[in-house]
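Every chain is numbered from 1 and lettered A, B, ... according to where its sequence line falls, protein lines coming before strand lines.
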Amino acid sequence: MAQKPGIPKGTRDFTPAQMIRRNYIFDTIRKVFKTYGYQAIETPAMESLHTLLGKYGDEGDKLIFKILNSGDFASKIDSSTASRLSEGSAVPFELSRALTSQISEKALRYDLTVPFARYIVQHRHETTFPFKRYQIQPVWRADRPQKGRYREFYQCDVDVIGSKSLLNEAELLHIICEVFGRLKISIRIKLNNRKILAGIAEIIGQADKIVDITVAIDKLDKIGLDGVNKELARKGLPQESIDQLQPIIHLSGTNSEKLKQLKTVLSESETGMQGIAEMSSVLDFSKEMDISEWIDLDLTLARGLNYYTGAIIEVKSSDIAIGSICGGGRYDDLTGIFGLPDVSGVGVSFGADRIYDVLEQTELFPEDSGSRTQILIVNFGEDELKACIPIAITLRDAGFSVELYPDQVKMKKQMSYANANSIPYVILAGQQELSENSVTVKDMTEGNQSSSLITNIVDHLNNLMND
RNA sequence: GUGGGUGUAGUUCAGUAGGUUAGAACGUUGGAUUGUGGUUCCAAAGGUCGCCGGUUCGAAUCCGGUCAUCCACCCCA
């Protein structure tokens, strides 16, 4: 019995029409990356499970797709785990964890940053620092799919590793502006700094609650000021600290005004002041790059706190609500866990699939990137087909993209094929034409036809296409 | 992991006081036009109404379960 075809939830097929559009995005991003001197690398779709585990927090670990070991994996389960399983009691989380490590040793990559860190450590002796790399590959997350969220999606990462200069941060912001400028997507860039957040937590005497504080503040737009304060209280912050936070939550004005206010608030925190210095420096560079008008200093931005140590960057479409379409930041010691300490890196990741959704909803995809077949040669039968093969070769050598219709079927069918595939020119070479060493060229857009000697076919088509 | 919406032709969807043979549009195929597409006209093919069970003389329709999918939360690109 035929089974119904289907693909796993959160995954998608891409049609030729969609691929044209996807490649437009990838090509645009890749071109920009290259003009700033970044080099491409790729890493495997799967990594050792232990490479990935523990890098994204507990939540992240749950979202990693594990790959079942091949062969008789069940025989390798140790006896104590096996007996606990056979007891049949409700499987506690801890047991699942013990079991996972025994039946799975590989997993699909969850992002491109951790594999990159692993790559750097393994290839450190053949890498010249600072190393500027880009990487455009799919990643997988066992998330529940929803709008703008897929289980398989492409990230386009650019990172500089082995340089502490804040010029890198600014350059990434410049790249962001350039990419979205070329794609004609209007954006706002949110910029924050982990050290400023740490300074704030320190000043109000809650240094260990930095994550709770920022996560709560991050929800300001969603749940409002009261909601934020309630959540802060629920996380165990004393009222006094919450009161101290209010001016910071209410921070307003231009970026430099915000910085000025922060300087007063954070003057007692060394870390905080360092964050402010970093932020000012990045903003100064971005002025020189003439991109500062797109950047908002935003203390409510609280992403990736598990490993970011300096700048935190997030980009949102100003037209479509779809979450962030690009994000990243500075991580001072990402390679440390793999045994290479003190290598600082900064990078951002473009979410190609969300960018696709934004371009589609705002109808900003260009008409056609012209990557289709330009000429179809009609099949009139075996003799004519053989005579057409050299014509096709000549045209392809001249740079045209040419198809010979493979089957000898009714012309109506062949013309429909040209039409359905938006092929602009059709060459008709039947017995009539061939006996005169000529072909008929039909312009599918205009509907008119012209005749050309076979020896002159390249010039003839060049003339037609250049009109 | 938590909560909600939706499952009918390849696609988008109609279809209730439960009642013969479940419809439309688009797409596909054939014909009008045996060497001419895109427009037009005609015709055809295409459905176990997600799946399993229940109520009923009778279920696409009501009920329960299940699966799938979408949306929201958590988190994230």
Side-chain angles (χ1 to χ4, degrees), chain A residues 1-2 4-12 15 25 29 56-64 93 96 109-113 136-157 176 211 215-216 218-219 222-223 227 231 301-306 313-317 320-329 347-358 376 378-381 384 405 408-434 439-449:
Chain A
M1 201 170 95
K4 269 190 186 167
I7 55 177
K9 138 183 9 178
T11 64
R12 296 151 299 157
T15 63
I25 295 171
I29 290 174
Y56 311 103
D58 283 345
E59 282 299 313
D61 283 356
K62 285 185 205 158
L63 299 180
I64 294 172
F93 181 69
S96 305
R109 64 168 164 254
Y110 177 90
D111 71 356
L112 299 178
T113 306
I136 299 178
Q137 290 191 273
V139 303
W140 294 269
R141 292 184 190 178
D143 229 345
R144 191 170 284 206
Q146 55 181 278
K147 188 175 187 173
R149 175 174 303 184
Y150 309 99
R151 291 185 135 182
E152 176 185 63
F153 61 98
Y154 273 72
Q155 290 193 324
C156 312
D157 273 34
I176 289 169
V211 174
V215 166
D218 186 37
K219 293 179 187 162
K222 233 175 239 176
I223 61 179
E231 172 141 348
L301 171 57
R303 63 190 309 288
L305 287 168
N306 282 320
I313 299 161
E314 179 172 277
V315 181
K316 287 198 165 181
S317 155
I320 304 288
I322 196 171
S324 63
I325 51 179
C326 179
V348 294
S349 178
F350 291 78
D353 302 82
R354 285 187 178 174
I355 291 172
Y356 185 101
D357 292 344
V358 170
L376 175 74
V378 168
N379 186 334
F380 281 97
E384 292 89 339
Y405 197 91
Q408 187 197 338
V409 295
K410 268 180 286 195
M411 208 157 121
K412 175 175 174 155
K413 167 89 178 154
Q414 302 193 40
M415 297 299 279
S416 299
Y417 176 84
N419 199 60
N421 289 293
S422 305
I423 299 173
Y425 295 95
V426 172
I427 287 182
L428 304 152
Q431 279 176 8
Q432 280 174 36
E433 287 88 350
L434 291 173
V439 298
T440 298
V441 179
K442 172 149 186 168
D443 180 329
M444 294 297 281
T445 320
E446 302 296 325
N448 53 18
Q449 298 187 170

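At a threshold of 4.5 Å between non-hydrogen side-chain atoms, the residues A:Met415 and A:Leu376 do not count as touching. Side-chain atoms of A:Leu428 and A:Phe380, non-hydrogen and from C-beta on, do get closer than 4.5 Å to each other. Between A:Met444 and A:Tyr425, every side-chain heavy-atom pair lies at or beyond the 4.5 Å cut-off. Looking at A:Leu63 and A:Tyr56, their side chains never come closer than 4.5 Å, going by heavy atoms from C-beta outward. Contact check for A:Phe153 versus A:Val139: side-chain heavy atoms found under the 4.5 Å cut-off. Considering only heavy atoms from C-beta on, A:Ile313 comes within 4.5 Å of A:Ile176 through its side chain.
Summary of the strand contacts: A:Gly10 and A:Leu63 both lie near RNA chain B, and taking for each the nucleotide with the nearest heavy atom, the more 5' one is attributed to A:Gly10.
For A:Trp140 and B:C75, the CH2 to P distance is 26 Å, given to the nearest whole Å. Counting to the nearest Å, the P atom of B:G37 and the NZ atom of A:Lys442 are 7 Å from each other. Atom pair A:Ile64:CD1 and B:C75:C1' shows a separation of 14 Å (rounding to whole Å applied). In this structure, the NZ atom of A:Lys62 is 11 Å from the P atom of B:U2, given to the nearest Å. Between the CD atom of A:Gln146 and the C1' atom of B:C74 there is a distance of 10 Å, given to the nearest Å. Spacing between atom CZ of A:Arg12 and atom C1' of B:U69 amounts to 15 Å, rounded to whole angstrom units. Going from atom CD of A:Glu433 over to atom C1' of B:U36 covers 11 Å, rounded to whole Å. What separates CG of A:Asn421 from P of B:G37 is a distance of 16 Å, to the nearest Å.
Residue A:Ser416 places its side chain closer to B:G37 than to any other of B:C75, B:G37, B:G35. For A:Asp143, taking side-chain heavy atoms from C-beta onward, the closest of the listed nucleotides B:C75, B:A72, B:G37 is B:C75. For A:Thr440, whose side chain is taken as the heavy atoms from C-beta onward, the closest listed nucleotide among B:C74, B:U2, B:G35 is B:G35. Of the listed nucleotides (B:A72, B:G35, B:G31), B:A72 has the atom at the smallest distance from the side chain of A:Lys147. In the set B:C74, B:G35, B:G37, the nucleotide with an atom closest to the side chain of A:Lys412 is B:G37.
Interface remark: the A:Asn419 side chain does form a donor-acceptor pair with the B:G37 base, using a distance-only criterion of under 3.5 Å. In terms of polar N and O atoms assigned as donor or acceptor, the side chain of A:Arg354 comes within less than 3.5 Å of the base of B:C76 in a complementary pairing. Between the side chain of A:Gln449 and the base of B:U36 there is at least one donor-acceptor pair of N/O atoms closer than 3.5 Å. Scanning atom types as modelled, no donor and acceptor separated by under 3.5 angstrom connect the side chain of A:Glu384 and the base of B:G35. No hydrogens or angles were tested; on distance alone, nothing pairs the side chain of A:Arg144 with the base of B:U69 as donor and acceptor under 3.5 Å. If you check distances only, the side chain of A:Lys9 never reaches the base of B:U69 with a donor-acceptor pair under 3.5 Å.
As judged by a 4.0 angstrom heavy-atom cut-off over every strand, A:Gly323 is placed among residues making no nucleic acid contact. Residue A:Gly447 is in base contact, counting any heavy-atom pair closer than 4.0 Å across all strands shown. Contacts of A:Ile325 with the nucleic acid, taken as non-hydrogen atoms under 4.0 Å apart, involve only primed sugar atoms and P, OP1 or OP2. Within 4.0 Å (heavy atoms only), A:Tyr150 reaches at least one base atom of the nucleic acid. Using a 4.0 Å heavy-atom criterion, one finds that A:Gln431 contacts the bases of the nucleic acid, with or without backbone contacts as well. Using a 4.0 Å heavy-atom distance criterion, A:Lys316 is classed as making no nucleic acid contact. Contact annotation for A:Gln414: no contact, since no heavy-atom pair falls under 4.0 Å across all strands. Counting non-hydrogen atoms under 4.0 angstrom, A:Cys326 reaches the backbone sugars and phosphates but no base.
When the side-chain nitrogen and oxygen atoms of A:Lys410 are compared with OP1 and OP2 of B:G31, one or more of them lie within a distance under 4.0 Å.
Without hydrogens or angle criteria, A:Asp443 side chain to A:Asn448 main chain gives no donor-acceptor distance under 3.5 Å. Side-chain atoms of A:Arg151 come within 3.5 Å of backbone atoms of A:Asp143 as a donor-acceptor pair (strictly under, hydrogens ignored).
The separation of B:U66 from B:U2, taken at their P atoms, amounts to 13 Å, rounded to a whole angstrom. B:G37 and B:G31 have their P atoms separated by 12 Å, with the value rounded to a whole Å. Comparing B:A60 with B:U21, their C1' atoms are spaced 15 Å from each other, to the whole Å. Only the C1' atoms considered, B:U8 is 15 Å distant from B:A25, to the nearest whole Å. Remark: the separation of the P atoms in B:C41 and B:G50 is 33 Å, to the nearest Å. One C1' atom belongs to B:A9, the other to B:C26, and the distance between them is 12 Å to the nearest Å. B:C49 and B:C74 are spaced 40 Å apart, taking the P atom of each and rounding to whole Å. Nucleotides B:G7 and B:U12 place their C1' atoms 14 Å apart, quoted to the nearest Å.
Expressed to the nearest 0.5 Å, how far CD1 of A:Ile325 lies from CG of A:Asp357 amounts to 10.5 Å.
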Where each pair must be Watson-Crick or G-U wobble with both distances under 3.5 Å, what dot-bracket representation of RNA chain B is obtained, with crossing pairs in [ ] and other-strand partners as |?
(((((((..((((.....[...)))).(((((.......))))).....(((((..]....))))))))))))....
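A side-chain donor-acceptor contact under 3.5 Å links A:Glu433 and A:Thr440.
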